Amino acid sequence: MISGMGFFTDAYDLFNINIMLLFLTPLWHLTSVQESLLASSAIFSAIVGQLLFGRLLDLLGRKKIYGIEAGILAAGAVLSAFSTNFTMLLATRTIMGLGIGGDYPASATIASEYAPTSSRGKSVALVFSMQGFGIATAVITGLLAAAYLPAGMAWRVVAFVGAIPPAFVVYFRRHVPETPRYSLLVKGDASEARRGLRLVLGSDGEVAKAKAQRTPISEFFREYWPLLIGTTLPWTFMDMALYGTGVFSSYVTSSLLPTKSLTASVLRAGVPLLIGIPGYFAAAALVDRLGRKPLQLIGFAIVTAIYIPMALYYMKFISVNSYLLYAFFGLSFTALNLGPNTTTFILPAEVYPVRYRSTGHGISAAAGKAGAAITTFAFPLIKASLGSSLGLAFIFGLLAVVSVVAMIITAAFIPETKMVPLEEASKEKLVVESPVPVPHHSG
């Protein structure tokens, strides 16, 4: 829950801009360029946060960094709620994005390093599933604000709510013990590793006297570059789809089910995201049974099968009932959450060695957010320049193509890590001094 609350807030604060823009665009007379900048600002700064915090977590330790990113996130959300103009809101959402970015490698690495081998995928997936609750809360908060508050106050409430969860978990995150793996394999501190084990076992566990071999970062890139391709590019292409269609779901839904009511517009844009939420829990249930790679391939295959007819619909090549297409649009989020949205988060926390685990995850997550930044910035401009129908046809056609490319890369570069011990999955080079069996349930 301590790790997952960060992802609850990450999702809330990244996707609430979709709802905030419904209020702000008419209030502040925003242009397409300004909409693009507000939608993508937190995502651009999240890239910096992912790279920066990912490296610091490996250099300084998980414990020293954990909680700082939540504090930045809370501060940025509060400041954004009190913004008085476009420039101030852009700056405060940029600050908030740094905290969002830092949460990705921090929460993923800590969840992975504490989890037992048999349920590691489920443990990390359940942390990530809090993203679904964050999205749902953004939709519900937007609906209540639209129904009961004037527009000038409603968007501020939507923004401010994003500060509450991270503010509550900062204290608890600062007191989470260092992970046993980092304590033992990097710091060489067996007693601290036992304290970490006590958190999950309720008692001290025996640990081997071992350390991870120290290697320069150049050797890491030389040895792990195929895996970096496998964990970065599919995440890039997945986030292009998830954030492009998620942040601007109102573009798609308004073309299918027109309405003049602001409350109805918020609901219409939010329902497809809500349809996707069961996918997170299906992934958690299946990831340790079917494996990471099959789920990722299945998810990309399903969204490709959805995006192609949607592109053809907007090109006027086929005629489909708008309610049916609306349902299929919602199912695209279910498929993404069942597959690549979850698996691209899990895999980088498993396939890199302990000294570079957060670094590798940070690079992978930053590649994903680069894809998200491209689409959240470009899609309003594409729609404005090509028009609604042709613009959406281009967008869905593009997303179908990148989904196919992601399937090819997944098949070629991703190993299966299901039920594989973390040190084996990451090809950890250990220097063992006095081998002592580690209890099976410690992972």
Side-chain angles (χ1 to χ4, degrees), residues 1-14 42-43 45-77 95-115 120 123-131 134 162-163 165-183 185-187 192 196 199-200 231 235 342 344-369 422 426:
M1 287 301 296
I2 291 171
S3 295
M5 194 52 64
F7 268 89
F8 173 95
T9 311
D10 295 346
Y12 180 93
D13 285 327
L14 285 174
I43 295 174
S45 57
I47 296 171
V48 178
Q50 286 159 337
L51 294 172
L52 174 63
F53 281 90
R55 194 71 196 110
L56 290 175
L57 284 157
D58 283 334
L59 291 175
L60 303 179
R62 292 38 165 153
K63 178 177 174 56
K64 286 185 178 179
I65 300 299
Y66 205 38
I68 294 174
E69 78 296 335
I72 296 172
L73 175 54
I95 293 169
M96 183 182 70
L98 288 172
I100 291 173
D103 195 55
Y104 273 72
S107 293
T109 300
I110 287 171
S112 177
E113 290 185 347
Y114 265 116
R120 187 177 62 238
S123 298
V124 181
L126 286 174
V127 167
F128 191 67
S129 72
M130 293 299 289
Q131 185 181 81
F168 273 113
V169 299
V170 168
Y171 171 83
F172 296 102
R173 286 191 171 196
R174 296 301 296 154
H175 288 79
V176 168
E178 184 58 88
T179 69
R181 284 183 164 90
Y182 191 90
S183 297
L185 301 180
V186 177
K187 296 172 69 177
E192 186 178 55
L199 177 70
V200 290
T231 60
W235 201 338
T342 300
T344 54
F345 179 76
I346 295 173
L347 282 162
E350 297 181 318
V351 297
Y352 298 114
V354 65
R355 291 185 186 273
Y356 293 102
R357 183 164 292 133
S358 293
T359 301
H361 197 284
I363 292 170
S364 303
K369 288 300 166 283
L422 199 55
S426 61

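Remember, predicted model here, so these are calculated numbers, not experimental data.
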(message) Among residues at least two apart in sequence or on other chains, which ones pass salt bridge (charged side-chain N to carboxylate O under 4.0 Å, His left out) with Glu178?
(response) none
(message) Once salt bridge (charged side-chain N to carboxylate O under 4.0 Å, His left out) is applied, do any residues pair with Lys187, and if so which ones, sequence neighbours excluded?
(response) Glu192
(request) Measure the NZ-OG distance between Lys63 and Ser183 for me, rounded to the nearest 0.5 Å. (result) 10.0 Å
(request) Mind checking ring-ring contact (aromatic ring centres under 6.0 Å, His included) for Tyr171 and listing every partner two or more places apart, or none if nothing turns up? (result) His175
(request) State which residues pass ring-ring contact (aromatic ring centres under 6.0 Å, His included) with Phe345; sequence neighbours excluded, sorted by chain then number. (result) Phe7, Phe128, His361
Name all residues meeting the side-chain hydrogen bond (donor to acceptor under 3.5 Å, both in side chains) criterion together with [X]; count only those two or more places apart in sequence or in a different chain, and write none if there are none.
X: Ser364; answer: Thr231
X: Ser45; answer: none
X: Thr344; answer: none

(request) Name all pairs fulfilling the salt bridge (Lys or Arg N to Asp or Glu O under 4.0 Å) condition that reach into residues 166-176, sequence neighbours left out, sorted by first residue then second. (result) Glu69-Arg173, Asp103-Arg173
(message) Quick test of your reading: applying side-chain hydrogen bond (donor to acceptor under 3.5 Å, both in side chains), list the pairs with at least one residue in residues 2-12, sequence neighbours left out, ordered by first then second residue.
(response) Ser3-Tyr66
Who pairs with [X] by side chain to side chain contact (heavy atoms under 4.5 Å, CB included), at least two apart in sequence or on another chain?
X: Ala163; answer: Ala77, Val78
X: Ser112; answer: Arg120, Val124, Ala349, Glu350, Leu422
X: Thr359; answer: Arg55, Asp58, Tyr356, Ile363

(request) Answer whether the closest heavy-atom distance between the side chains of Ile68 and Phe53 falls below 4.5 Å. (result) yes
